Amino acid sequence: MQQLKKYGAIGGAISLALCWPLAVGQIGYNVINDGIAQLDSDAVEAEVVSYERGYLSSTVVTRYVVKDEFTAEMFAADNIPTEMIVTSEVKHGLFSLSADSATEMWPELTLHTDTQLNGNTDFAFKLDSWAAELTAEPAGMFSFAPSTLTGHVSVLGEVEFELNIPSIQGDSTTSEKWMVTGLTAKGNGKKQKGFWIGDQSVVIENMNIVTPQNGKEFEFNQGQYLYSAQYDEQQQRVDSNHAISANDVIMGTDKVDNFSVDMTFGQLDASGFEKLMLAYETAPVGTVEGERQFIEAIDSMMKRGFYIALNKLSMQMGEGTFSSSWKIELPESEAGYSMNPMIVLPALTGHVETFASDQFVADNPSFRAAIDEGMVMEFVGEVDKGYQLKAELKDGQLQFASGQKIALQDMLLPLMLGM
């Protein structure tokens with residue numbers, strides 16, 4: 001009897017092993033169909049055209065169509081197809097599915113994925129050397145060196161990725177040439193309420209633009225962009241920080257060193273922002289209803305309040321230095337604001353502080369004129385080794401250190417009238 005049980009167990013294990021690829025194939029079928037269904041949106045239509053499921057492998061054909069009118073028009077202007085057919089060869093592993101995908105349209109681009117049975121997926125895009133011609137203005141050519149995008153996507157929508165593009169170069173019909181080298185990016189996070197919640201970074205070793213008339217018109221080295229955002233689920237608010245820096249920026253004959261900008265958009269109402277994005281994507285353009293949805297979404301965000309802060313802007317030109325920081329806050333209001341400037345402006349609070357060194361002012365004559373005018377109006381004062389503008393924002397006015405005051409509406413009126 002024991003021997004029969006043993007043979008039975010062995011037989012059962014063999015049967016299970018023989019049936020397992022079929023089970024994996026069925027699970028893979030469900031995973032792929034569910035994934036395609038999630039990709040289908042207002043911007044892109046995604047569907048499974050065919051699914052030929054075999055014992056150890058399957059062949060899947062999927063179709064993607066750009067539905068967003070603005071993006072579709074841009075693609076059409078440059079003769080870029082708005083529809084793409086992708087063929088994927090899927091292999092049924094013991095605990096996962098692996099797939100190699102390609103499209104006849106862009107044979108230089110391939111995708112390899114490994115998907116666990118729970119839906120978690122590792123992916124690797126590879127792009128061989130690729131060149132394309134743009135026919136819409138500004139027309140021209142651009143080309144990519146062999147590049148990669150790798151990462152991981154969980155069933156919860158959490159994403160990790162790394163991008164590596166050694167170089168991109170382009171030529172326009174106006175003979176302008178540009179090149180980007182050493183482009184890398186990485187990030188981890190998840191899209192929630194219209195925001196990317198998590199971290200991202202982009203690094204560019206060098207970018208330059210050259211014209212036949214003026215030679216090198218623009219260049220920067222060791223540029224970097226850092227992004228981070230946190231979502232307070234209990235308060236339904238999002239804080240996002242954006243930092244840009246470069247070792248040096250050259251514009252014609254002017255050179256800026258150690259350039260950096262750090263900004264925060266704080267305490268944004270997540271639900272209100274989500275409504276704003278929904279209105280932007282779905283509200284009928286140029287109609288009273290569309291305008292109503294858009295205004296209601298903005299009012300919803302403003303009612304809960306938020307702040308925008310330039311934590312620091314700094315740069316160096318020669319021996320001169322310049323720095324600035326400011327913060328503007330709109331407090332929460334039960335009554336709301338209704339986008340009425342006469343209600344919004346008096347509610348704003350904040351501060352501004354700017355410093356320019358003596359050498360920076362001496363090296364920039366146009367800036368010198370602004371400093372002189374500011375001193376006459378007592379907005380700008382002399383400090384050790386330079387000039388400073390410092391003011392508090394309250395009661396709809398900028399109140400300067402000298403005691404001078406200027407109403408925000410007086411500052412904004414010329415801008416609104418196009419002066």
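Everything quoted here is computed from the prediction, not taken from an experiment. When a residue number appears, it is its place in the shown sequence, counting from 1. Keep in mind that the numbers below use all heavy atoms, side chains included, and drop hydrogens, waters and symmetry copies.
The 12-atom threshold is exceeded at NZ of K190, counting heavy atoms of other residues, nucleotides or ligands nearer than 6.0 Å. Counting heavy atoms of neighbouring residues, nucleotides and ligands inside a 6.0 Å radius, atom CD of E296 exceeds 12 of them. Crowding of F125 atom CZ: a count of heavy atoms from other residues, nucleotides or ligands under 6.0 Å not exceeding 12. More than 12 heavy atoms of other residues, nucleotides or ligands sit less than 6.0 Å from atom CD of E83.
In this structure, the separation between CG on D363 and CE on M317 is 7.5 Å, given to the nearest 0.5 Å. Here E392 contributes atom CD and L398 contributes atom CG; the two are 9.5 Å apart, rounded to the nearest 0.5 Å. To the nearest 0.5 Å, atoms OG (S240) and CH2 (W196) are separated by 14.0 Å. Rounding to the nearest 0.5 Å gives a distance of 6.5 Å between NZ of K216 and CD1 of I250. Expressed to the nearest 0.5 Å, how far OG of S57 lies from CG of L97 amounts to 11.0 Å. To the nearest 0.5 Å, atoms CZ (F220) and CD1 (I209) are separated by 9.0 Å.
Residues P331 and A347 come closest through the heavy atom pair CD-O, 3.2 Å. The shortest heavy-atom contact between N120 and V155 is OD1-N, 2.9 Å. For the residue pair F355 and K385, the shortest heavy atom distance occurs at CZ-O, 3.7 Å. Minimum interatomic distance between M84 and M105 (heavy atoms only, all atoms of both residues): CA-CE, 3.8 Å. Closest of all the heavy-atom pairs between W178 and D171 is NE1-N, 4.5 Å. Minimum interatomic distance between F306 and L268 (heavy atoms only, all atoms of both residues): CB-CD2, 3.7 Å.
Using modelled atom types, one side-chain atom of S402 and one backbone atom of E378 make a donor-acceptor pair closer than 3.5 Å. Between the side chain of D395 and the main chain of Q397, no donor-acceptor pair closer than 3.5 Å is present. At least one donor-acceptor pair under 3.5 Å links the side chain of T103 to the backbone N or O of I85. A donor-acceptor pair is defined here as one N or O able to donate and one able to accept, closer than 3.5 Å; such a pair exists between the side chain of N241 and the backbone of M263. S333 places no side-chain N or O within donor-acceptor distance of the main-chain N or O of K303, the cut-off being under 3.5 Å. A side-chain donor-acceptor contact under 3.5 Å links Q236 to the backbone of E233. The main-chain N or O of S58 is never found under 3.5 Å from a side-chain atom of Y51 such that the two would form a donor-acceptor pair. Counting only distance, with no hydrogens or angles, the side chain of E332 and the backbone of E334 share no donor-acceptor pair below 3.5 Å. The backbone N or O of G266 lies less than 3.5 Å from no partner atom in the side chain of T264, so there is not a single donor-acceptor pair. In this structure a side-chain-to-backbone donor-acceptor pair under 3.5 Å is present from S147 to A145.
A 4.5 Å side-chain heavy-atom check between L183 and V203 finds every atom pair outside the cut-off. In this structure the side chain of F161 never reaches within 4.5 angstrom of the side chain of N188, judged on heavy atoms. L313 has its side chain within reach of F259: a pair of non-hydrogen atoms, C-beta onward, lies under 4.5 Å apart. Looking only at side-chain heavy atoms (C-beta outward), S300 and D269 come within less than 4.5 Å of each other. You'll find the side chain of D199 stays beyond 4.5 Å of the side chain of Y227, heavy atoms only. Counting heavy atoms from C-beta outward, E219 and N206 have side chains that approach closer than 4.5 Å. For the pair V48 and V61, the minimum side-chain heavy-atom distance is 4.5 Å or more. Contact check for L109 versus W130: no side-chain heavy atoms found under the 4.5 Å cut-off.
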task = Go through L111 and D100 one step at a time and tell me if the side-chain contact (heavy atoms from CB on, under 4.5 Å) criterion holds.
result = CA-CA 6 Å; L111 168 64; D100 291 292; over 6 Å; no
inquiry  = For T59 and E89: C-alpha separation, side-chain torsions, deciding distance, then whether side chain to side chain donor-acceptor pair (under 3.5 Å) applies.
reply    = CA-CA 5 Å; T59 299; E89 300 297 335; 3.0 Å; yes
request  = Decide yes or no on salt bridge (Lys or Arg N to Asp or Glu O under 4.0 Å) for D372 and R368, but give the supporting numbers first.
outcome  = CA-CA 6 Å; D372 289 342; R368 169 84 263 180; 2.9 Å; yes
task = Applying side-chain contact (heavy atoms from CB on, under 4.5 Å), run through Q200 and H242 and close with a yes or a no.
result = CA-CA 10 Å; Q200 291 187 25; H242 310 258; over 6 Å; no
task = List the steps, then state whether side-chain contact (heavy atoms from CB on, under 4.5 Å) holds for F360 with T321.
result = CA-CA 6 Å; F360 186 90; T321 59; 5.9 Å; no
inquiry  = Before you tell me yes or no, could you show the steps for V202 and T184 under side-chain contact (heavy atoms from CB on, under 4.5 Å), namely the whole-Å CA-CA distance, both residues' side-chain angles and the distance that decides it to 0.1 Å?
reply    = CA-CA 6 Å; V202 180; T184 58; over 6 Å; no
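When ring centroids are compared, Y231 and F195 stay outside the 6.0 Å threshold. Checked against a 6.0 Å centroid threshold, the rings of Y307 and F265 do not count as neighbours.
Under 3.5 Å, the side chains of S260 and S245 contain no donor-acceptor pair of N or O atoms. Checked by atom type, the side-chain pair S314/S323 shows no donor-acceptor distance below 3.5 Å. E353 and S324 share no donor-acceptor pair across their side chains, judged by distance under 3.5 Å alone.
Residue N221 forms a side-chain hydrogen bond (donor to acceptor under 3.5 Å, both in side chains) with just one option from T181, N247, N208, D248, and that option is D248.
Between F400 and F379, the angle of the ring planes stays under 30°, which puts this pair in the parallel group of the 30/60° scheme.
Between R237 and D239, none of the side-chain N atoms (NZ, or NE/NH1/NH2) sits under 4.0 Å from a carboxylate O, so this pair counts as no salt bridge. One finds a salt bridge joining E45 and R63 here, because a Lys/Arg side-chain nitrogen approaches an Asp/Glu carboxylate oxygen to under 4.0 Å. A salt bridge does not link K394 to E329: none of the charged side-chain nitrogens sits closer than 4.0 Å to a carboxylate oxygen.
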